[in-house]
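Just so it is clear, the structure is predicted and the values come from calculations on it, not from any experiment.
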Amino acid sequence: MTVRVLVTGATGFVGQALVARLTADGQRVRAAVRRAAPDLAVEQVCVGDLGPHTDWDAAVAGQDVVVHAAARVHVMQERAADPLVEFRRTNVEGTLQLARRAARAGVRRFVFISSIKVNGEATAPGRPFRADDAPAPADAYGQSKLEAERGLQRIAADTGMQFTIVRPPLVYGPGVKANFLDLMGALHRGVPLPLGAIHNRRTLIALDNLTDLLATCVTHPAAANAVFLAGDAEDLSTTELARRLAAALGVRARLLPVPAKLLERMAQVLGRGDAARRLCRWLQVDSGATRERLGWSPPVGVDEALRRTAAHFLRSISLAGQC
């Protein structure tokens with residue numbers, strides 16, 4: 001079924017990949033962008049910054065579905081005096097402004113990319129997060145995503161526009177940034193890392209798997225008015241992730257067997273306690289309900305997804321070396 005889809009955040013990590021996937025599927029894609037993006041080969045509408053006063057009317061006109069990927073993302077070194085105020089301005093007020101304009105324009109479904117941080121920061125061993133768990137966000141970013149979800153559900157109830165909420169865990173793939181990119185760089189350079197004895201389990205999701213799920217949510221009847229969690233078909237420990245990512249890079253991982261509790265204590269002294277906790281704690285996601293309701297399963301295996309991620313990284317540093 002061909003539908004008209006507006007994608008916000010269309011030049012971002014997820015948004016750009018989603019535009020490519022939907023276009024390949026034959027959907028009629030329109031991209032909402034801050035400013036014109038010459039590399040984006042679809043219709044574009046410039047909307048400026050995301051906030052409570054963004055004018056979305058031209059972007060949502062004539063669209064069947066909105067996929068909202070634009071957001072103020074979780075940052076490692078927050079500089080805002082009051083992060084929650086800034087997150088609310090973009091992720092709550094900006095999202096709900098778009099949802100109201102979309103409903104008024106007759107958009108049938110609003111697909112919102114939220115975050116597993118709505119559920120919380122960590123899970124107990126053997127007790128993965130589920131979509132019907134009580135939300136427990138632990139930071140301003142997670143709180144803003146929860147507030148946006150609740151506001152979207154209210155607008156949907158008042159207007160009849162369908163909502164679909166997807167809460168992904170950490171997303172990796174070609175072009176990934178932040179901590180995952182730092183890990184690849186360290187492994188590629190042969191840096192010894194204290195990650196050889198972390199026996200947790202963490203759910204990640206490959207970019208290709210997330211875009212496949214989002215493309216499913218655009219058209220699947222059962223995606224209406226539902227919250228979905230998702231991840232790759234295989235959970236990894238931090239140690240396994242480092243070893244398999246190194247293999248994808250074609251290098252040997254130099255991992256020191258530092259016990260997780262000792263690593264956390266050492267990192268706390270160095271002011272990196274939050275980063276160490278993310279590496280050492282469990283965070284598992286139960287996507288069984290998603291698979292059952294949508295008949296969906298992640299099409300790309302972990303090792304293939306890591307290979308694609310590593311190949312892009314290696315091409316990037318090769319091109320940088322030629323400049």
Decide whether [X] and [Y] are clustered together by the hydrophobic rule: side chain heavy atoms of Ile, Leu, Val, Met, Phe, Trp, Tyr closer than 4.5 Å, transitively.
{"X": "Val19", "Y": "Leu50", "result": "no"}
{"X": "Leu183", "Y": "Leu236", "result": "yes"}
{"X": "Leu279", "Y": "Val171", "result": "yes"}
{"X": "Ile113", "Y": "Ile116", "result": "no"}
{"X": "Leu195", "Y": "Leu245", "result": "yes"}

- Say whether Ser237 and His199, considering side chains only, have a donor N or O and an acceptor N or O under 3.5 Å apart. no
Asp49 and Thr54: side-chain donor and acceptor closer than 3.5 Å? no
Which heavy atom in [X] sits nearest to a heavy atom in [Y], and how many Å separate them?
{"X": "Pro38", "Y": "Ala36", "result": "CD-O, 3.5 Å"}
{"X": "Pro83", "Y": "Arg72", "result": "O-NH1, 4.3 Å"}
{"X": "Ala233", "Y": "Arg291", "result": "CA-NH2, 3.7 Å"}
{"X": "Gln16", "Y": "Thr11", "result": "OE1-O, 3.6 Å"}
{"X": "Thr90", "Y": "Ala71", "result": "CG2-C, 4.1 Å"}
{"X": "Val176", "Y": "Phe13", "result": "N-CE1, 3.6 Å"}

Point-to-point distance, once rounded to the nearest 0.5 Å, from [atom1] of [X] to [atom2] of [Y]:
{"X": "Gln143", "Y": "Asp139", "atom1": "CD", "atom2": "CG", "result": "9.5 Å"}
{"X": "Met161", "Y": "Leu152", "atom1": "CE", "atom2": "CG", "result": "5.5 Å"}
{"X": "Glu234", "Y": "Leu204", "atom1": "CD", "atom2": "CG", "result": "10.5 Å"}
{"X": "Met184", "Y": "Ser316", "atom1": "CE", "atom2": "OG", "result": "8.5 Å"}
{"X": "Phe87", "Y": "Lys145", "atom1": "CZ", "atom2": "NZ", "result": "10.0 Å"}

Within [range] or reaching into it, pairs that qualify as salt bridge (Lys or Arg N to Asp or Glu O under 4.0 Å) - sequence neighbours excluded:
{"range": "residues 50-65", "value": "Arg4-Asp64, Asp55-Arg101, Asp57-Arg101, Asp57-Arg104"}
{"range": "residues 177-206", "value": "Arg201-Glu240"}
{"range": "residues 9-22", "value": "Arg21-Asp25, Arg21-Asp212"}
{"range": "residues 298-312", "value": "Asp208-Arg308, Arg244-Asp303, Glu304-Arg307, Glu304-Arg308"}

Check: [Y] and [X] side chains under 4.5 Å, non-hydrogen atoms:
{"X": "Leu213", "Y": "Cys217", "result": "yes"}
{"X": "Arg89", "Y": "Ser144", "result": "no"}
{"X": "Val42", "Y": "Arg30", "result": "no"}
{"X": "Trp56", "Y": "Gln97", "result": "yes"}
{"X": "Leu22", "Y": "Leu18", "result": "yes"}
{"X": "Ile165", "Y": "Gln153", "result": "yes"}
{"X": "Thr23", "Y": "Gln27", "result": "no"}
{"X": "Val33", "Y": "Val47", "result": "no"}

N/O donor-acceptor pairs under 3.5 Å from side chains in residues 250-263, not counting sequence neighbours:
| from | atom 1 | to | atom 2 | distance (Å) |
| --- | --- | --- | --- | --- |
| Arg254 | NH1 | Gly190 | O | 2.9 |

- Tell me, with the steps shown, if Leu187 and Val191 meet side chain to side chain contact (heavy atoms under 4.5 Å, CB included). CA-CA 6 Å; Leu187 290 167; Val191 176; over 6 Å; no
For a side chain to side chain contact (heavy atoms under 4.5 Å, CB included) check, start with the C-alpha distance between Arg130 and Val285, then their side-chain angles and the critical distance, and finish with the verdict. CA-CA 7 Å; Arg130 295 179 173 83; Val285 172; over 6 Å; no
Students should find that the hydrophobic cluster of Leu84, defined by side-chain heavy atoms under 4.5 Å apart, otherwise consists of none
Hits for salt bridge (Lys or Arg N to Asp or Glu O under 4.0 Å) against Arg265, two or more places apart or cross-chain, chain-then-number order -> none
Sorted by chain and number, sequence neighbours left out, salt bridge (Lys or Arg N to Asp or Glu O under 4.0 Å) with Arg127 holds for none
Sorted by chain and residue number, the side chain to side chain donor-acceptor pair (under 3.5 Å) partners of Ser115 (sequence neighbours excluded) come out as none
Side chain to side chain donor-acceptor pair (under 3.5 Å) filter on Thr309, not counting sequence neighbours, yields none
Under a 4.0 Å threshold between the charged nitrogen and the carboxylate oxygen, would [Y] count as salt-bridged to [X]?
{"X": "Arg277", "Y": "Asp274", "result": "yes"}
{"X": "Glu93", "Y": "Arg88", "result": "no"}
{"X": "Glu264", "Y": "Arg281", "result": "yes"}

| message | Using side chain to side chain contact (heavy atoms under 4.5 Å, CB included), reason through Thr8 and Leu98 one step at a time and then give a plain yes or no. | response | CA-CA 10 Å; Thr8 73; Leu98 171 58; 3.7 Å; yes
Is there a donor-acceptor pair under 3.5 Å between the side chain of Asn119 and the backbone N or O of Asp133? no
Donor-acceptor contact below 3.5 Å, side chain Gln44 vs main chain Ala37:
yes
Those residues at least two apart in sequence (or on a different chain) that pass ring-ring contact (aromatic ring centres under 6.0 Å, His included) with Phe180 are Tyr172
Tested for side chain to side chain donor-acceptor pair (under 3.5 Å) against Ser114, the lone hit among Arg167, His68, Glu149 is Glu149
Please list every donor-acceptor pair under 3.5 Å in which a side-chain atom of residues 219-231 meets a protein atom from a residue at least two apart or in another chain.
| from | atom 1 | to | atom 2 | distance (Å) |
| --- | --- | --- | --- | --- |
| His220 | ND1 | Ala222 | N | 3.0 |
| His220 | NE2 | Leu294 | O | 3.3 |
| Asn225 | OD1 | Phe163 | N | 3.1 |

Got more than 12 heavy atoms from elsewhere within 6.0 Å of CZ, Arg28?
no
In Val65, Val3, Val5, the residue satisfying side-chain contact (heavy atoms from CB on, under 4.5 Å) with Arg109 is Val65
Which of Val60, Thr95, Ile155 passes side-chain contact (heavy atoms from CB on, under 4.5 Å) with Arg100? It is Ile155
Dump the intermediate steps for side chain to side chain contact (heavy atoms under 4.5 Å, CB included) on Asp232 and Thr203, then the final yes or no. CA-CA 7 Å; Asp232 290 338; Thr203 304; 5.8 Å; no
